[in-house]
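Contents: one structure, followed by commentary.
What's counted below: heavy atoms across the whole structure, side chains too, no hydrogens, waters or symmetry copies. None of the values given here were measured: they were computed from a predicted structure.
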Amino acid sequence: MQFDEAYFKSDEFQELLDSYETAVDSGSQPFLDADDLVDIADFYNYHGDYDKATEAIDYALRLYPRATLPNVFKAREALMRNNFKTARDYANQIEHRDDPDFHYLHAEILLAEGNIDQADQYLHAYGMTIDAEEYNDFIKDCANLYIDYGISDKAYEWMLQLQDDDSDDFKELMARTLFGLGKYKDSERIFNELIDSNPFSKYYWNALASAQYMDEDYAGSIASSEYAIAIDPSDPDALLSKANGLMRLNNYEEAHDYLKRYLEIIPDDEYALLSQGVCLVNQGLLQDALTPLNSALEKAGAASPHLAQIYQELAFCYSAMRQPQKAIEMLDKTKELACDHIDMLVIRGHILLENDLIEEAGRAFKQAILQSGNTPSVLLRVIVSLYDNHYVSACYLMFKKFFNFIRDYHEDYCDGYSYMALCCHDLGKGEEFLKYLRLAAEKNPDEARLVLGFMFPEGTEVKDYYDIMQYQLKKRE
């Protein structure tokens with residue numbers, strides 16, 4: 001659902017909002033039409049004032065129990081909780097069945113239930129009744145509905161029906177569709193066009209920041225977030241976006257500051273509390289990290305997509321505090337969750353190894369490798385855990401076997417060479433270090449930058465790593 005930023009900034013809406021809030025504050029009941037009350041609820045909802053949004057909608061339904069938009073609002077709330085029956089009950093309350101929003105709601109319920117083809121057939125059938133001059137708007141509404149449900153391929157199919165539309169709302173929908181399809185650079189390009197015509201839209205800046213983040217341009221994402229923050233210093237999306245970018249650049253201290261600002265506005269966000277805990281763990285503030293992590297655990301429901309990661313971060317925290325039993329208890333809680341259980345076995349092994357429980361760690365690693373069917377990525381994570389826990393010689397020997405295995409069975413696998421280079425460097429194996437450094441830069445530049453970048457001046461191109469290091473080593477001879 002799109003937020004009408006221009007309207008909510010307009011004098012017309014501000015006067016409407018002021019009159020509503022003045023009436024509510026004085027204890028009287030404002031008499032507004034249903035659509036105005038829904039606009040007010042949308043405004044509150046966007047700014048995280050969910051109680052006020054619900055109050056405005058409930059008041060609208062008391063005044064207009066069969067009005068379209070208040071029932072649509074409540075139905076969508078029910079869909080967010082996967083309560084399909086309640087959503088249909090609200091849909092059935094709507095009096096005017098010829099209202100386009102009634103039809104969109106019917107299609108949305110089908111989408112929420114997973115009946116994508118049925119929803120598409122319904123919308124195409126409804127489209128046959130739309131007047132020609134309104135058909136373009138109908139297509140955009142349909143595309144927007146699919147975008148909201150992450151069905152970007154269908155959104156793109158609908159968008160392709162539009163011709164000769166150069167409007168901002170078309171560009172925005174296309175940018176969001178391309179984002180959903182993983183075409184982040186194309187999405188960035190369009191959002192930049194929109195910003196050129198509307199440079200004070202924090203929504204566009206935030207959207208650009210998201211596209212840049214997904215394209216792994218973290219510095220660019222942070223810069224875009226800063227523009228949004230400059231427009232609105234209390235914008236939660238911008239604050240969280242900048243925090244996420246800073247975390248990706250390992251700037252945990254500054255990221256923590258922005259998460260604090262975000263949580264002052266939206267204090268119950270489990271993801272932000274989790275991120276705050278991660279920042280504190282990475283700063284070595286382990287005892288402090290337990291507070292936000294446990295708060296995240298309290299806020300997370302049984303169906304939370306973040307629950308496994310919360311337990312994982314608590315496990316890392318307790319492990320670093322040398323409480324391995326407590327750490328393993330946290331990991332045990334993930335056994336019934338829908339998560340990557342092989343990944344959890346690798347983490348279990350890492351924590352046991354970190355606490356010098358070598359035999360137990362070996363069993364966990366062996367179980368992970370067997371269950372994965374000798375998947376190279378799992379083997380690599382086990383070997384890297386050895387390095388992280390300072391078993392460098394054992395790591396070196398396992399890498400030798402690993403690369404033989406890769407050569408024989410997975411010749412296209414390109415990960416791990418940077419870690420082997422690091423291992424050789426620590427063991428003083430100069431020639432092998434250069435050999436694997438060259439391979440790392442050729443086969444996997446992103447991994448080389450992540451793992452070995454600290455050895456070179458900031459901004460050094462990965463393709464230059466080998467020549468620079470070879471020169472430096474010769475100077476030392």
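No donor-acceptor contact under 3.5 angstrom links the side chains of E329 and Y318, judged on distance only. With no hydrogens or angles considered, a side-chain donor-acceptor pair links Y252 and N250 at under 3.5 Å. Between the side chains of Y213 and R248, at least one donor-acceptor pair of N or O atoms lies under 3.5 Å. D232 and S234 form no side-chain donor-acceptor contact under 3.5 Å, judged by distance and modelled atom types alone. Between S28 and S26, the side chains place a donor N or O and an acceptor N or O closer than 3.5 Å (distance only, hydrogens not considered). There is a side-chain donor-acceptor pair under 3.5 Å between Y104 and D141. No side-chain N or O of T68 forms a donor-acceptor pair with one of D101 less than 3.5 Å apart. Side-chain contact check for Q312 and T334: no donor-acceptor pair (N or O, by modelled atom type) lies under 3.5 Å. In summary, the side chains of Y271 and N244 do present a donor paired with an acceptor at a separation below 3.5 Å, with no hydrogens or angles considered. If you check the side chains of D269 and Y262, you find a donor sitting under 3.5 Å from an acceptor. For the 3.5 Å distance criterion, the side chains of E55 and Y44 fail to qualify, holding no donor opposite an acceptor. Side-chain contact of Q14 with D11: a donor-acceptor pair under 3.5 Å is absent, judged by distance alone.
Checking side-chain atoms of D131 against main-chain N and O of E133 turns up no donor-acceptor pair under 3.5 Å. In this structure, the side chain of E447 engages the main chain of S418 through a donor-acceptor pair within 3.5 Å. Looking at N294, its side chain does come within 3.5 Å of a backbone N or O of L290 through a donor-acceptor pair. At least one donor-acceptor pair closer than 3.5 Å links the side chain of Y59 to the backbone N or O of P30. For the pair S224 (side chain) and S221 (backbone), a donor-acceptor distance under 3.5 Å is absent. In this structure, the side chain of N115 does not engage the main chain of Q118 through any donor-acceptor pair within 3.5 Å. Under a 3.5 Å cut-off, the side chain of N83 and the backbone N or O of L79 do not form any donor-acceptor pair. Here the side chain of Q212 pairs no donor or acceptor atom with the backbone of Y218 at under 3.5 angstrom. Within the 3.5 Å criterion, the main-chain N or O of G301 finds no donor-acceptor partner in the side chain of S304. The backbone N or O of D237 sits nowhere less than 3.5 Å from a side-chain atom of S241 that would complete a donor-acceptor pair.
Going from atom CG of D196 over to atom OH of Y204 covers 12.0 Å, rounded to the nearest 0.5 Å. Between the CD atom of Q371 and the CD atom of Q367 there is a distance of 5.0 Å, given to the nearest 0.5 Å. Rounding to the nearest 0.5 Å gives a distance of 6.5 Å between CE of M344 and CG of L331. In this structure, T291 OG1 and L280 CG are separated by 8.5 Å, a value rounded to the nearest 0.5 Å. For the atom pair L69 CG and D39 CG, the distance stands at 8.0 Å (nearest 0.5 Å). In this structure, NZ in K154 is found 12.5 Å from OG in S152, a value given to the nearest 0.5 Å.
No more than 12 heavy-atom neighbours from other residues, nucleotides or ligands sit within 6.0 angstrom of CD on E253. The local environment of OH in Y122 is crowded, with over 12 non-hydrogen atoms from other residues, nucleotides or ligands closer than 6.0 Å. Within 6.0 Å of OH on Y227 lie no more than 12 heavy atoms contributed by other residues, nucleotides or ligands. Around atom CG of D51, no more than 12 heavy atoms belonging to other residues, nucleotides or ligands sit under 6.0 Å away. Applying the 6.0 Å contact sphere to NZ of K183 captures no more than 12 heavy atoms from other residues, nucleotides or ligands. In H96, the NE2 atom is not crowded: 12 or fewer heavy atoms of neighbouring residues, nucleotides or ligands sit closer than 6.0 Å.
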Run the salt bridge (Lys or Arg N to Asp or Glu O under 4.0 Å) check on R88 and E113 step by step: do they pass?
CA-CA 11 Å; R88 289 196 180 278; E113 292 174 331; 3.0 Å; yes
Take F191 and F179 through the ring-ring contact (aromatic ring centres under 6.0 Å, His included) test and state the conclusion after the steps.
CA-CA 10 Å; F191 277 122; F179 180 95; 8.0 Å; no
Side chain to side chain contact (heavy atoms under 4.5 Å, CB included) evaluation trace for S167 with F170
CA-CA 5 Å; S167 64; F170 169 79; 3.4 Å; yes
List the steps, then state whether salt bridge (Lys or Arg N to Asp or Glu O under 4.0 Å) holds for D148 with R76.
CA-CA 12 Å; D148 285 345; R76 284 177 172 159; over 6 Å; no
Derivation and outcome, salt bridge (Lys or Arg N to Asp or Glu O under 4.0 Å), residues R348 and D332:
CA-CA 9 Å; R348 179 183 293 264; D332 284 343; 2.5 Å; yes
Does the pair D415 and K443 meet the rule for a salt bridge (Lys or Arg N to Asp or Glu O under 4.0 Å), with working shown?
CA-CA 8 Å; D415 296 349; K443 291 178 175 289; over 6 Å; no
Please evaluate residues D168 and E172 with respect to the criterion side chain to side chain contact (heavy atoms under 4.5 Å, CB included), reporting the C-alpha separation (whole Å), side-chain torsions for both, the decisive distance (0.1 Å), and the verdict.
CA-CA 6 Å; D168 282 355; E172 180 185 332; over 6 Å; no
Would you sort out whether E216 and Y184 count as a side chain to side chain donor-acceptor pair (under 3.5 Å), showing the intermediate values?
CA-CA 10 Å; E216 299 183 1; Y184 304 119; over 6 Å; no
Could you go through the side chain to side chain contact (heavy atoms under 4.5 Å, CB included) check for L345 and V378 one step at a time?
CA-CA 10 Å; L345 279 171; V378 174; over 6 Å; no
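Under the salt bridge (Lys or Arg N to Asp or Glu O under 4.0 Å) rule, D235 has a single partner from K202, R261, K242, which is K202.
The shortest distance between side-chain heavy atoms of L111 and Y146 falls below 4.5 Å. When side chains are defined from C-beta on, Y90 does not count as touching L105, because their heavy atoms never get closer than 4.5 Å. The side-chain heavy atoms of D120 and W158, taken from C-beta on, include a pair separated by under 4.5 Å. In this structure, V72 and I94 have side chains that are in contact, with non-hydrogen atoms separated by less than 4.5 Å.
Nearest heavy-atom pair across F73 and D42 is CE1-OD1, 3.4 Å. Contact record, Q276 with P292: OE1-CB, 3.4 Å, taken as the closest heavy-atom pair. Closest non-hydrogen pair, I310 versus L293, comes out as CG2-O, 3.7 Å. Counting all heavy atoms, side chain and backbone alike, A78 lies closest to A87 at CB-N, 3.8 Å. The shortest non-hydrogen separation linking N71 to P65 is ND2-O, 3.1 Å. Of all non-hydrogen atoms in W205 and P199, the two that sit nearest each other are NE1-O, 2.8 Å.
By the 4.0 Å N-to-carboxylate-O rule, K74 lies close enough to D58 to be salt-bridged with it. Electrostatic pairing of K140 and D165 counts as a salt bridge here, judged by a charged N lying under 4.0 Å from a carboxylate O.
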